[in-house]
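First the structure, in the form of structure tokens, and then the observations on it.
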Amino acid sequence: MTAIAYSVKKYVHSSNAHFHGQREKCVSLTLALTPDQSGFRPNHSTTTTLLKVCNYIQAGIEQGNLTGAIFLDFAKAFDTVDQGILLQKLKNSGIGDRTLTWFQSYVSDRSQYVSISGSSSLPLPVTCGVPQGSILGPLLFTIFINDLPNVCKASTVHMYADDTVIYTSKPNLPQLEAVLQEQFTEVEKWIKDNKLFLNTDKTVTMLFGTAPKQHKLQNPHLCVGTKSNGTLTVVTSLKYLGMLLDPNLSFGPHIKKLSSKLYPKLGALYRNKPCLRPAVRKQIVQQMLMPAIEYGDVVYAAAPQTHLHKLTTLYNSFCCFVLQCNNMTHHCDMLKELNWLSLESRRTLHFSNLVFRSFSGKLPPYLNRLLPLAVPSSYNLRSSTCNLLAIPQYKKKVSRSSFSYRTPQLWNNLPDAIKSSPQSKVT
């Protein structure tokens with residue numbers, strides 16, 4: 001397993017008697033974190049996680065496969081970390097005895113109490129968990145679950161903090177269920193050995209594939225059993241890291257849900273428009289409404305136009321609200337007056353920014369691998385100076401909406417002056 005070096009150097013306060021008189025102590029360590037973890041890491045985000053997972057599913061569809069996924073739900077994961085196991089994992093990671101002693105002091109001898117209106121309960125000792133709200137808490141939890149992917153050798157695992165998904169693609173449903181059952185059994189054993197708790201009621205399975213391929217199945221559901229002789233809940237849609245996934249990755253349900261969420265907010269703003277100056281209306285839309293539309297737009301950018309048109313209509317309504325014009329005003333006139341790009345242009349800009357970040361080493365390695373440079377043709381040496389990206393030979397519509405296909409396609413169509421600019425060259 002390829003590991004990524006992670007360094008942390010923070011000054012933290014210690015009140016333990018072992019460090020009496022040392023108000024601040026500098027701890028510096030280098031740890032090897034799995035590339036399958038995107039939580040609490042530079043250049044990683046929920047969007048990069050969604051791009052990786054969705055790209056895998058879309059690539060599987062191109063090969064005519066079904067993709068099955070198990071979405072794990074840990075019960076109070078941060079609060080149930082066993083401190084003895086955590087310290088052992090820190091030791092196994094190679095840190096020295098002195099630093100290990102410091103960490104032992106950091107997580108031990110803590111207590112908690114409740115205070116309401118000046119009245120406080122008696123303190124109770126905290127015997128497990130990592131300190132939440134602290135700088136080191138997220139890092140310690142990341143180290144604790146860092147070895148989870150090691151038990152899933154026949155599938156892919158990706159984690160965003162404790163949001164964990166196990167997934168793989170196979171030609172047919174029986175093979176898919178067999179692999180995921182084996183992997184889930186190993187995961188349950190890992191969870192037990194590490195004294196964590198899995199919420200089996202909220203741990204679900206989902207099957208992805210084209211509609212025709214799923215319609216051919218008598219029972220298009222994944223059946224994965226648990227150690228308690230139960231079966232995991234099967235879902236046909238799931239909100240994962242803020243995005244509603246559907247079996248065909250059409251993103252229609254996500255866009256419909258997003259629209260139904262934003263229209264009432266826009267209506268509330270219209271009812272209060274006499275209190276809002278034009279500059280305030282514009283600022284509200286830019287800072288409160290637009291982030292919801294633009295979240296993950298590079299993931300659903302190639303959704304069918306029937307779905308994307310709903311967002312365009314919503315965006316035009318935003319423009320009408322800001323300018324206080326009627327809904328018959330042409331959208332081009334409104335965008336020109338506001339100096340705003342169209343939604344499609346904004347998505348293209350976001351795709352291009354991802355490529356720039358890839359060239360500058362500011363994307364996770366798992367996304368960088370999806371954007372290889374094209375091999376220059378011996379008949380067209382000019383292409384070697386334009387930073388062209390290789391475009392996969394995908395034929396199916398769903399797979400052509402994937403990150404690995406759509407991003408290089410949009411990038412290669414940009415003017416050569418942009419692709420060959422100093423900011424876009426590989427460093």
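In this chain, numbering begins with 1 at the start of the sequence shown. The figures that follow rest on heavy atoms only: side chains count, while hydrogens, waters and symmetry mates do not.
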Check the pair Leu245, Leu249 against side chain to side chain contact (heavy atoms under 4.5 Å, CB included), reporting the backbone distance first and the verdict last.
CA-CA 6 Å; Leu245 303 181; Leu249 287 190; 4.2 Å; yes
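For residues 243-255, the pairs satisfying side chain to side chain donor-acceptor pair (under 3.5 Å) are Asp246-Ser250, with sequence neighbours left out. Residue pairs meeting the ring pair (Phe, Tyr, Trp, His ring centres under 6.0 Å) criterion with at least one member in residues 152-184, sequence neighbours excluded: Tyr56-Tyr167, His158-Tyr366. Residue pairs meeting the salt bridge (charged side-chain N to carboxylate O under 4.0 Å, His left out) criterion with at least one partner in residues 259-274, sequence neighbours excluded, are absent. The salt bridge (charged side-chain N to carboxylate O under 4.0 Å, His left out) analysis of residues 139-164, with sequence neighbours excluded, yields the pairs Lys89-Asp147.
Atom-to-atom distance recorded for Gln175:CD and Leu180:CG is 11.5 Å, nearest 0.5 angstrom. Atoms OG1 and CG, from Thr156 and Asp36 in turn, are 7.5 Å apart once rounded to the nearest 0.5 Å. For the atom pair Leu173 CG and His221 NE2, the distance stands at 10.0 Å (nearest 0.5 Å). The distance from the NE2 atom of His44 to the NZ atom of Lys52 is 9.0 Å, given to the nearest 0.5 Å. With values rounded to the nearest 0.5 angstrom, Thr407 atom OG1 is found 11.5 Å from Asn353 atom CG. Note that CD1 of Ile145 is 10.5 Å distant from CD1 of Ile191, once rounded to the nearest 0.5 Å.
Residues satisfying the ring-ring contact (aromatic ring centres under 6.0 Å, His included) test with Phe351, not counting sequence neighbours, are none. Here Tyr270 pairs with Phe321 under the ring-ring contact (aromatic ring centres under 6.0 Å, His included) rule; sequence neighbours left out. By the ring-ring contact (aromatic ring centres under 6.0 Å, His included) test, Tyr295 is found to be paired with no residue, residues two or more places apart in sequence or in another chain being considered. Remark: Tyr315 engages no residue in a ring-ring contact (aromatic ring centres under 6.0 Å, His included) (not counting sequence neighbours).
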Show me, pair by pair, the donor-acceptor contacts under 3.5 angstrom made by side chains of residues 298-314, not counting sequence neighbours?
unit_1: Tyr300; atom_1: OH; unit_2: Ile293; atom_2: O; d: 2.4
unit_1: Thr312; atom_1: OG1; unit_2: Leu308; atom_2: O; d: 3.3
unit_1: Thr313; atom_1: OG1; unit_2: His309; atom_2: O; d: 3.0

Extract all donor-acceptor atom pairs below 3.5 Å that involve side chains of residues 61-77 and protein atoms in other chains or at least two apart in sequence.
unit_1: Glu62; atom_1: OE1; unit_2: Lys395; atom_2: N; d: 3.2
unit_1: Glu62; atom_1: OE1; unit_2: Lys396; atom_2: N; d: 3.0
unit_1: Glu62; atom_1: OE1; unit_2: Ser399; atom_2: OG; d: 2.4
unit_1: Glu62; atom_1: OE2; unit_2: Lys395; atom_2: N; d: 3.1
unit_1: Gln63; atom_1: OE1; unit_2: Asn65; atom_2: ND2; d: 3.3
unit_1: Thr67; atom_1: OG1; unit_2: Ser169; atom_2: OG; d: 2.5

Side-chain donor-acceptor pairs of residues 332-342 under 3.5 Å, sequence neighbours excluded:
unit_1: Ser342; atom_1: OG; unit_2: Ser345; atom_2: N; d: 3.2
unit_1: Ser342; atom_1: OG; unit_2: Ser345; atom_2: OG; d: 3.0

Less than 3.5 Å apart, which donor and acceptor atoms pair up between the side chains of residues 110-117 and the rest of the protein, not counting sequence neighbours?
unit_1: Arg110; atom_1: NE; unit_2: Tyr106; atom_2: O; d: 2.8
unit_1: Arg110; atom_1: NH2; unit_2: Tyr106; atom_2: O; d: 3.1
unit_1: Ser115; atom_1: OG; unit_2: Ser120; atom_2: OG; d: 3.4

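Environment of CD in Gln324: crowded, with over 12 heavy atoms of neighbouring residues, nucleotides or ligands closer than 6.0 Å. Counting heavy atoms of neighbouring residues, nucleotides and ligands inside a 6.0 Å radius, atom CD of Gln132 exceeds 12 of them.
Between Phe40 and Phe78, the ring planes lie perpendicular to each other; the angle is over 60°, past the 30° to 60° tilted range.
Side-chain contact, Thr226 with Thr200: no donor N or O sits under 3.5 Å from an acceptor N or O. Looking only at atom types and distance, the side chain of Asn55 has a donor-acceptor partner in the side chain of Ser404 under 3.5 Å away.
Between the Arg400 side chain and the Tyr394 main chain, a donor and an acceptor come within less than 3.5 Å of each other.
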